[in-house]
**Student:** 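Pasting in a structure now, in structure tokens, and then I'll have a few things to ask.
Computed from a predicted model, the values in this text were never measured in an experiment. All residue numbers in this chain count up from 1 along the given sequence. Every number for a ligand or one of its atoms is a count from 1 in the order of the listing.
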Amino acid sequence: MKKIVLALSVCCIALVAHAEFPETDYAQVSPDGKVAVASVNPEATRIAMEVVKRGGNAVDAAISVAFALGVVDGHNSGIGGGCFILVRLADGRILALDGREMAPAAATRDMYIVNGKADPELSRTGALAVGIPGSVAALDKLQKLGGKLTFRDVILPAADLAEKGFPISPALAERIAATADNLAKFPASAAIYLDKNNQPLPAFSILQQKDLAATYRAIAKQGPRYFYHGDFAKKTGRWMAANGGVITDKDFASYQMKMRKPIVSEFAGYTLYGFPPPSSGGVHVAQILNILEQFDLDTLAPAERYHLIAEAMKFAFADRAHWLGDSDFTKVPLSLADKRYAQTIAKKISLEKTTADIAHGNPDVDIQHLMNKHTTHIAAADMEGNWVAITSTVNTSFGSKVVIPGTGVVLNNQMDDFSAQVGAANAFGLVGSDANAVAAKKRPLSSMSPTLVFKNNEPVMTLGAAGGPTIISQVVQTLLYSLNDSMPVEKAMAQARIHQQWNPNVLFVEAAMPVEIQQALQKKGHDLKIWPSMGASQAIQLRDGKLVPVAEPRVILQN
Ligand code: GLY
């Protein structure tokens with residue numbers, strides 16, 4: 001496949017200016033050049049660099065960021081949620097750690113159905129929305145597998161930050177204000193994020209979280225036992241029983257972190273490792289890239305190329321709705337990521353016109369939710385050969401909005417990622433089949449796509465993204481531009497992004513896309529929805545023997 005699509009790079013004006021030298025407060029390399037970290041928050045990245053100074057490697061650094069983000073970016077991720085971790089350890093092992101939430105033992109298929117219809121409030125806000133969090137178990141496992149320091153060493157800096165406090169960023173203040181009505185329903189949540197009159201804390205006021213600090217310190221001292229078998233589990237079980245929930249302390253005790261087999265695929269001469277079910281990310285990133293490579297990408301005009309990307313996404317998301325779910329409960333055909341399957345889809349794609357929508361209804365979709373940068377991605381790498389990709393989430397902003405009194409921990413609303421009813425859309429407009437129906441101890445389907453890239457068996461990139469189903473689209477586009485078109489990853493990330501998820505049958509396009517391309521896409525039959533800014537990716541690329549970390553320029557501008 002030839003490299004560089006000149007027409008595309010010339011026409012496709014970047015959304016935001018990308019620095020020639022991409023190191024920022026969000027994306028840093030240690031002074032000796034040996035460890036690099038990229039996150040959505042400068043305090044979290046600073047903490048990682050302190051951990052490195054004390055002898056930590058990329059694994060330690062990434063874990064310290066995960067705990068720190070639970071303090072400064074708790075609307076997106078934290079120990080009340082789940083994560084997927086892809087890691088290439090210095091000894092060459094490539095491992096996939098599944099810390100996704102599990103449904104409680106009392107969960108039932110129709111638990112969100114009221115009068116024959118799925119009630120989204122139940123799966124999004126309050127006690128029933130919460131899945132058993134997996135992040136603590138997965139981060140602990142990662143630490144044991146590849147860290148140089150102790151779990152305690154990488155948690156305590158975040159505990160100190162929670163105690164000391166930090167100024168609320170404009171982006172966090174906006175999320176607090178947007179969710180204040182629901183946060184006000186839960187006194188322990190209101191006590192953190194709202195003032196005495198239940199008004200949202202404003203930007204630049206200092207947010208201290210003493211309860212969260214105490215929870216972190218207890219985990220640092222007692223290990224994950226405190227969370228899954230100790231006080232945290234007991235307090236949560238008691239609160240749930242008193243507040244209409246079904247989670248018990250036994251659900252915590254039976255939580256299982258699982259090791260999975262990564263999805264391995266080839267694209268543009270590189271080998272990609274993606275996350276398997278219960279994430280749909282690895283399967284569909286591979287599937288979309290497989291479809292794209294069936295075409296001579298280098299000869300396509302920019303509008304044709306965007307059209308092709310959109311069509312490939314649409315076919316992949318239609319498959320997602322039908323086939324994907326927790327592979328411990330349903331047979332997921334991993335041949336979706338097979339090159340031969342991509343050939344059959346490619347034959348259905350016309351470069352002239354968008355294919356008609358394929359069956360299924362178009363339930364109302366909350367586009368705000370779809371386009372908000374929920375979730376977070378952490379990239380870390382070191383010169384010893386540890387490459388880490390962690391995507392972590394509490395699902396939508398502040399998850400269920402529940403904080404169990406005395407813990408300071410925001411609990412997820414990951415149960416909304418199940419398909420509450422066939423044809424009913426979740427917060428991101430995604431629909432699903434029986435494959436993703438609610439069941440006891442099952443894991444809800446995810447779009448999180450932590451990805452590792454190898455050339456000749458050596459790691460050259462770690463990346464991932466935040467933003468619900470746009471995660472898949474962002475990762476695909478970053479890989480397309482950086483691997484096929486040989487753009488530096490910061491330039492690849494700065495290209496105008498698109499997203500098409502089959503339902504709704506709309507092509508989301510960033511406003512930076514030149515108008516003539518937008519018009520050409522409309523002529524091909526796409527229903528365009530222009531959006532100012534889409535997603536939040538983080539990556540680290542090995543370039544000329546150096547680690548180059550890149551944080552999302554859109555997030556940096558927003559903060
Ligand atoms: N909660 C968003 C996802 O896992 O895709």
**Student:** If you measure from OG1 on T407 to NZ on K235, what distance do you get to the nearest 0.5 Å?
**Tutor:**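 Here the rounded value is 7.0 Å.
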
**Student:** Please enumerate all residues that pass ring pair (Phe, Tyr, Trp, His ring centres under 6.0 Å) together with Y228, with sequence neighbours excluded.
**Tutor:**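 Partners of Y228 under the ring pair (Phe, Tyr, Trp, His ring centres under 6.0 Å) test: Y255.
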
**Student:** List for me each residue that meets side chain to side chain donor-acceptor pair (under 3.5 Å) alongside T271, sequence neighbours excluded, and say none if there are none.
**Tutor:** E266

**Student:** So, taking the atom named CG in D417 and the one named CG in L445, what distance separates them when rounded to the nearest 0.5 Å?
**Tutor:** 7.5 Å

**Student:** My understanding is that only residues two or more places apart in sequence, or in another chain, count here; which of them pass ring pair (Phe, Tyr, Trp, His ring centres under 6.0 Å) with F398?
**Tutor:**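 Applying ring pair (Phe, Tyr, Trp, His ring centres under 6.0 Å) to F398 gives H75, Y193.
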
**Student:** In Å and rounded to the nearest 0.5 Å, what is the CE to OG1 distance from M534 to T470?
**Tutor:** 7.0 Å

**Student:** Is there any protein N/O under 3.5 Å from an N/O of ligand 1, and what does the full list of such pairs look like?
**Tutor:**
| from | atom 1 | to | atom 2 | distance (Å) |
| --- | --- | --- | --- | --- |
| ligand 1 | 1 (N) | N395 | OD1 | 2.7 |
| ligand 1 | 1 (N) | Q414 | OE1 | 2.6 |
| ligand 1 | 1 (N) | D417 | OD2 | 2.6 |
| ligand 1 | 4 (O) | R100 | NH1 | 3.0 |
| ligand 1 | 4 (O) | R100 | NH2 | 3.3 |
| ligand 1 | 4 (O) | D417 | OD2 | 3.3 |
| ligand 1 | 4 (O) | S446 | OG | 2.6 |
| ligand 1 | 5 (O) | S446 | OG | 3.3 |
| ligand 1 | 5 (O) | S447 | N | 2.7 |

